[in-house]
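For reference, the structure is listed below as structure tokens.
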Amino acid sequence: NLAAAGPEKFTLEYIQKQVEEYEIGKRHLANMMGEDSENFTQEDIDLFDFIYLFFLLKQICFYFQHPDEIFPKQRAVQWGADGRPFHFLFYTGKQSYYSLMHDLYGKILKIEKHQDRLRAKGLFSQDAQLISLGPSRWLTKEELELLLVETISTHDYDRFIKLMERMLAMPYSSTEEEFVQRYRRQLEAQSMKQMMPPLEKDENGVAFSTAEGRRKTSDSSVILRDCGSGHITINGQDYLQYFPVLQDREQLMFPLQFMGVLGRFNLECTVSGGGRSSQAGALRLAISRALLSFLSEGDGEAMRQAGLLTPDPRVRERKKPGQEGARRKFTWKKR
Amino acid sequence: SQNRVKLFPLAHVDTTHFYVQVMLHKCNLMILTCISFQACHSEKHLGQYYTLPSAHIRTLFPSGLPWRYQQQVKTFNEACIMVRQPSLEVISYLKKTDYSKPALRYLFYGQKGTGKTISLCHTVHFCYTQGWLVLHIPDAHQWVKNCKELLPSSYNASRFDQPLQATTWLRNFRLTNERFLSKIKTKHRYMWTKREFTEEGSLLGELVDQGISRVKSSSDVVGAVMKELRLQSGQPGSDFRLAVAVDGVNGLWGRSTIKKEDKSVDPEELTLIYNLRKLMRNDWTGGAIIATLSQTGSLYTPKSAYLPQELLGERGFDSMDPFIPVSVPNYSEKEFESCYLYYMDRHWLQHPQSRTEEGKKELVFLSNRNPSMLDRICGFL
């Protein structure tokens, strides 16, 4: 009975051999390109195209990266020649996780000791020096698993987070900031304000703004000019010829009619990709975005609430094997 | 409420042709001037509607008006056409031409749905009221596609006849030009079969009847009629002017979808098309040729083509050259206003939003002031 083997285990010698080959290949490439073979880094290699590499090295290598990035991290053998494990927590089964928890608890005890010392000196204050972490989040369970190179259960992960939170809640925890930052990831600061396209003026003094929009697979870009005639061009063609269907023209009309500025602006649009409905939707989003710069805050808020500024996230769902479509199953036959 | 003031006809003028009906609208705008006598049309009537008398509609346009417009006529119980710049231009040229010179060719062209056929009908109606003989081909594309019967021509073995289309056209021609049929006499002798022939000097009416009764030779009769009229108009003896009006003239020089034994037939091999092409040449005097281009009915032309060069092709353009192109654009602001007020007046726009200013702006946006698009949108409001 052949039990299913786990992910392929590569021996240490194999990986070392790969590393040597990588180094040699890197030197060859550097020599061929006439670059400095000593200081040839991965970034220089990334500049070359796959096909280029194929012709140069006369063999198929899909990616020319350091083996550490290709082969998943594996645990080296955990016990010595005599059979004794190296780590003291080996027999728990999840040695990295329990050692981490152990370290964490050790840090907590250290902080409490520090607090006691300060209390003894009389310098203790309750609301001092909590860690400032900035816009960041805890490591996800998957990321923690990658770091520890072993699987954890959700229960374990929750306990880890709870312990971290407990440590952070204690005063004087900023001493362990560096330790905590290792287990946090930075987030980009998300502003609540909407991105408004800037209002520019062209040669004739006419104010205009440009915006882009996307829907399904269509991309569109719109230049909104404050001319005073309701003239609209799409890809150089009249919009009546481009969208013979009333529904698409209604989509174009929606933002302008909502704001009551129907005859005021000139639209110069370009759109590509997708079908007729998705092109109309992309244009509608682009028009609403471009309109933001001409309107007041309150109007912009009204547009956002009307749903004109939300990009539609729906894309085509993938067809699954064993089914006829994304959701439709094959006809069920009783026999 | 509107005040409908009907002025009674002036005593010394023929009542069937000359009555003026003036309608004053709510806002005291004289937007509808229903003038039946077209010679009165001038620049200051631009944008206003005029009514075609129903008797004229029955005789002149048994099948010449666009389908949607016919429905509208039936609904409103009257046929109103807007006076627009292109048709007014052609009418003014027609008033001023010297008819001893070869016939001038006028061509209406424009985007889809801008009103080319209606302009043609307007001009044709003008010619009719002036007492001209009208040779109106409602749609030249009908002759190059969907032919149910195709016979080899009796006159020329290489050509093909289309008896059904020819008989329909002859019937319409007889209906339109009733009064000329008993006045014009043929100048040639025509032999249809071994025993049937038409003598020289017989009436045009007999020729036409011959074509309608003998279906097999109807296409040749059509050719004969065209030849006769072409030769006779402009002669010192004749007292009529000939107006040739063709809708979709680009079909004459395009391709056809008629197949004879799995081989596609060239339009040149069709008798009707061949004779019509001869008529379109400007080697005759005493009349005018008015034509429209049409992409909607044409075969194997791209949808975006609307210019004469694109739709006529090389051969067509060379044959039609020189001609006077008249562009038919979308409604101007004033014309749009007029059309909107007309629909309001007829209570065609029922939706409460359509009566507001906002609604009007929406209509402008959605139809881009295209006449047919506006008509379609207003249809369900």
Side-chain angles (χ1 to χ4, degrees), chain A residues 222 224-272 275-277 279-281 283-284 286-288 290-291 294-295 299 302-303 306 308, chain B residues 68 109-116 293-298 301-307 310-311 327-337 339-340 343 349 351-381:
Chain A
V222 159
L224 206 69
R225 272 179 241 270
D226 196 352
C227 292
S229 75
H231 192 61
I232 303 181
T233 332
I234 305 187
N235 285 354
Q237 237 186 331
D238 196 29
Y239 71 112
L240 199 66
Q241 257 104 57
Y242 198 79
F243 287 135
V245 182
L246 187 67
Q247 178 192 333
D248 303 329
R249 273 174 282 140
E250 278 179 352
Q251 289 287 298
L252 282 191
M253 190 178 77
F254 182 18
L256 303 172
Q257 184 225 8
F258 188 71
M259 292 285 105
V261 290
L262 266 178
R264 196 173 129 194
F265 293 102
N266 262 20
L267 294 173
E268 195 184 307
C269 328
T270 39
V271 68
S272 61
R276 82 153 209 233
S277 202
Q279 281 187 347
L283 277 173
R284 182 182 109 176
I287 293 174
S288 343
L291 215 48
F294 286 99
L295 302 170
D299 288 335
M303 280 227 278
L308 280 166
Chain B
R68 281 194 76 93
Y109 72 96
Q111 298 276 6
K112 186 173 141 180
T114 45
K116 302 180 285 286
L293 291 177
S294 163
Q295 195 281 325
T296 18
S298 70
T301 49
K303 206 164 81 156
S304 53
Y306 73 98
L307 295 168
E310 296 162 348
L311 281 176
S327 137
V328 183
N330 284 333
Y331 281 152
S332 67
E333 287 183 17
K334 191 173 150 211
E335 287 172 344
F336 181 84
E337 275 291 323
C339 184
Y340 175 76
Y343 284 140
L349 298 170
H351 199 278
Q353 173 90 9
S354 55
R355 291 194 200 120
T356 60
E357 271 303 310
E358 287 299 319
K360 203 149 76 159
K361 280 196 202 166
E362 282 177 36
L363 284 175
V364 167
F365 189 100
L366 287 177
S367 63
N368 200 19
R369 295 211 194 89
N370 183 283
S372 81
M373 222 12 106
L374 181 65
D375 176 49
R376 265 162 225 268
I377 296 174
C378 295
F380 49 79
L381 281 181

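Throughout, protein chains are lettered first and strands after them, A, B, ... in sequence-line order, and every chain is numbered starting at 1. Values below: all heavy atoms of this structure, side chains included; hydrogens, waters and symmetry mates excluded.
- The aromatic rings of A/Phe258 and A/Phe254 sit perpendicular to each other, their planes meeting at more than 60°, with 30° as the lower class boundary.
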Please evaluate residues A/Arg249 and A/Leu240 with respect to the criterion side-chain contact (heavy atoms from CB on, under 4.5 Å), reporting the C-alpha separation (whole Å), side-chain torsions for both, the decisive distance (0.1 Å), and the verdict. CA-CA 8 Å; A/Arg249 273 174 282 140; A/Leu240 199 66; 3.3 Å; yes
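- Applying the 6.0 Å contact sphere to OH of B/Tyr306 captures no more than 12 heavy atoms from other residues, nucleotides or ligands.
- A/Ile232 and A/Asp238 get closest at one heavy-atom pair: O-OD1, 3.7 Å.
- Below 4.5 Å, heavy atoms of chain A meet heavy atoms from B/Phe365, B/Leu366, B/Ser367, B/Asn368, B/Asn370, B/Met373, all part of residues 365-373 of chain B.
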Step-by-step side-chain contact (heavy atoms from CB on, under 4.5 Å) determination, A/Tyr242 to A/Gln279: CA-CA 11 Å; A/Tyr242 198 79; A/Gln279 281 187 347; 3.0 Å; yes
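- Counting heavy atoms from C-beta outward, B/Tyr109 and B/Ser327 have side chains that approach closer than 4.5 Å.
- Of all non-hydrogen atoms in B/Lys116 and B/Gly110, the two that sit nearest each other are NZ-O, 3.2 Å.
- Heavy atoms closer than 4.5 Å to chain B are found nowhere in A/Phe243, neither backbone nor side chain.
- Among the candidates A/Met253, A/Glu250, A/His231, A/Gln237, the residue making the largest number of heavy-atom pairs closer than 4.5 Å to chain B is A/Met253.
- At a 4.5 Å heavy-atom cutoff, the contact between A/Leu256 and chain B is made by side-chain atoms alone.
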